[in-house]
2 protein chains.
Amino acid sequence: MARTSIQRPSEARERLLATASDLFYRDGIHAVGVDRIIAEAGVTRATFYRHFPSKEDLVEAYLGVEDANIRGAFAAAEASGAPPQALVGLVIDGLADDVAQHHTRGCPFINAAAEYPDADSAVRQAVDRHRTWFRSELEAVLSAAGTPDPAAGAAQLVLLRDAAMVGGYLDGWERVRPAFLSAARGAAGLA
Amino acid sequence: MARTSIQRPSEARERLLATASDLFYRDGIHAVGVDRIIAEAGVTRATFYRHFPSKEDLVEAYLGVEDANIRGAFAAAEASGAPPQALVGLVIDGLADDVAQHHTRGCPFINAAAEYPDADSAVRQAVDRHRTWFRSELEAVLSAAGTPDPAAGAAQLVLLRDAAMVGGYLDGWERVRPAFLSAARGAAGLA
DNA sequence: CCCAAAACAGACAGATCGTTCTATCCTGGA
DNA sequence: TCCAGGATAGAACGATCTGTCTGTTTTGGG
């Protein structure tokens, strides 16, 4: 059994985070207990609490993964070298593809916020940070493309993406897709 | 049949439902236990289970109340005798006021759906029924006003209302309001 | 080879979950 | 007057929750 990889990030920890992310997203946070997470990850209780002081820390790590994924997608799109005008279109299509393929159970942040009413909680703060970053990122993209009112356009795109996530989950993406794409392109000044 | 038709709404039952609705909406469904509901309603456990066979039934009743409230608001608007064209504007303004005043913690149906991943569950079916009714109601209003494509307009208004609910909760209504109103009026063909 | 860190195994605590139960009171209608 | 049904009061059920604890085994680096 050649275990060659240097497990700096601790393979058990990664398995824990991956399975927990899947369970939290699919079944909701409060509905998933520590027992289920450790059983499905094939890890013992002691190992769990070695890596995460409490379940809350695991929840925050889960949102951190989601946040990192989206930032990575934006970074990749920007690194593609596409001109600013085309980048706006790429971003919108990327958001649509993401909803269609990876986020068919709604937005992880919106769903988490539904379960955490306290606006001062760490989870809600993570949600706020994510949304603030997302809005400013969109604003930067629109601004680079020379859109007349980048702030207003970004605000509209945030709204439309929220709607796409919720509508895709509850009504089906095929029903929401055309309205999202036309409205998003309009908000981005793509005619 | 014979049962005496008095059957008054049982004041305890109404208190139970009102208290639970408030708690479910504010703190989430899974986060609110039966203990808290009966304590806050000033009712005993036995009384609770006399009126609701299980907590699930209470959850469904809660969504039923929300559904009835919105249907009532629509019925009132339609009973106002306003001409179809003006009715569209009244409905949009009514939706905005509702988000601003009564639904500052998001949409009860969206939040409930976030906690119920099983699409076949009674809760999700209630959500589906509500959304289907809402869409067709909007379509009827738009149709009566002579809007070119009522189905597409209604679909867009549903999306925009989802976005308004989520955005109002997470970003603050004042931030969402202008984008919602202009987009909604556009979708309804109000220029 | 040795040792410390990490994972395994699992019992356990204390609380809360939804639900059932028995027993007693209060009230309104026949 | 009698009595059924609604409400009160509270014990108790088993299950599950997060989190702690005591050990034992595995593993990798020096």
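A note on names: the letters A, B, ... follow the listed sequences, proteins ahead of strands, and every chain is numbered from 1. When reading the values below, keep in mind they use all heavy atoms of this one structure, side chains included, and skip hydrogens, waters and symmetry mates.
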Would you mind reading off the distance between Arg13(B) atom CZ and dG5(D) atom P, rounded to a whole angstrom?
-> 19 Å
Examine dA7(D): is either OP1 or OP2 under 4.0 Å from a nitrogen or oxygen in the side chain of Ser10(B)? Give yes or no.
-> yes
When the distance from CZ of Phe48(B) to P of dC21(C) is rounded to whole Å, what number comes out?
-> 16 Å
Rounded distance (Å) that lies between atom P of dG5(D) and atom CD of Glu11(B) | 21 Å
Glu66(A) and His102(A): side chain donor to acceptor below 3.5 Å | no
Tyr169(A): partners by ring pair (Phe, Tyr, Trp, His ring centres under 6.0 Å), with sequence neighbours left out = none
Spacing of Arg15(A) atom CZ relative to dC8(C) atom C1', expressed in whole Å = 11 Å
How are the rings of Phe52(B) and Phe48(B) set relative to one another: parallel (under 30°), tilted (30 to 60°) or perpendicular (over 60°)?
-> tilted
When rounded to whole Å, the CZ to P distance for the pair Arg50(B) and dT24(C) reads 16 Å
Within this structure, what is the CZ-to-P distance between Phe52(B) and dG6(D), rounded to whole angstrom?
-> 14 Å
Taking atom C1' of dA7(C) as reference, at what distance in whole Å does atom NE2 of His51(A) sit?
-> 8 Å
Proximity to the side chain of Ala46(B) - top-ranked nucleotide from dG19(D), dA7(C), dT8(D) | dT8(D)
For Tyr49(B) and dC17(C), give me the distance from atom OH to atom C1', rounded to whole Å.
-> 9 Å
dG6(D) OP1/OP2 closer than 4.0 Å to side-chain N/O of Thr47(B) = no
Residues from residues 27-45 of chain A lying under 4.0 Å of DNA chain D - heavy atoms | Val32(A), Gly33(A), Val34(A), Asp35(A), Arg45(A)
Does a side-chain N-to-carboxylate-O contact under 4.0 Å join Asp67(A) and Arg131(A)?
-> no
Take the angle between the ring planes of His30(B) and Tyr116(B) and call it parallel below 30°, perpendicular above 60°, tilted in between.
-> tilted
When you check the side-chain N and O atoms of Asp57(B) and Ser54(B), is any donor under 3.5 Å from an acceptor?
-> yes
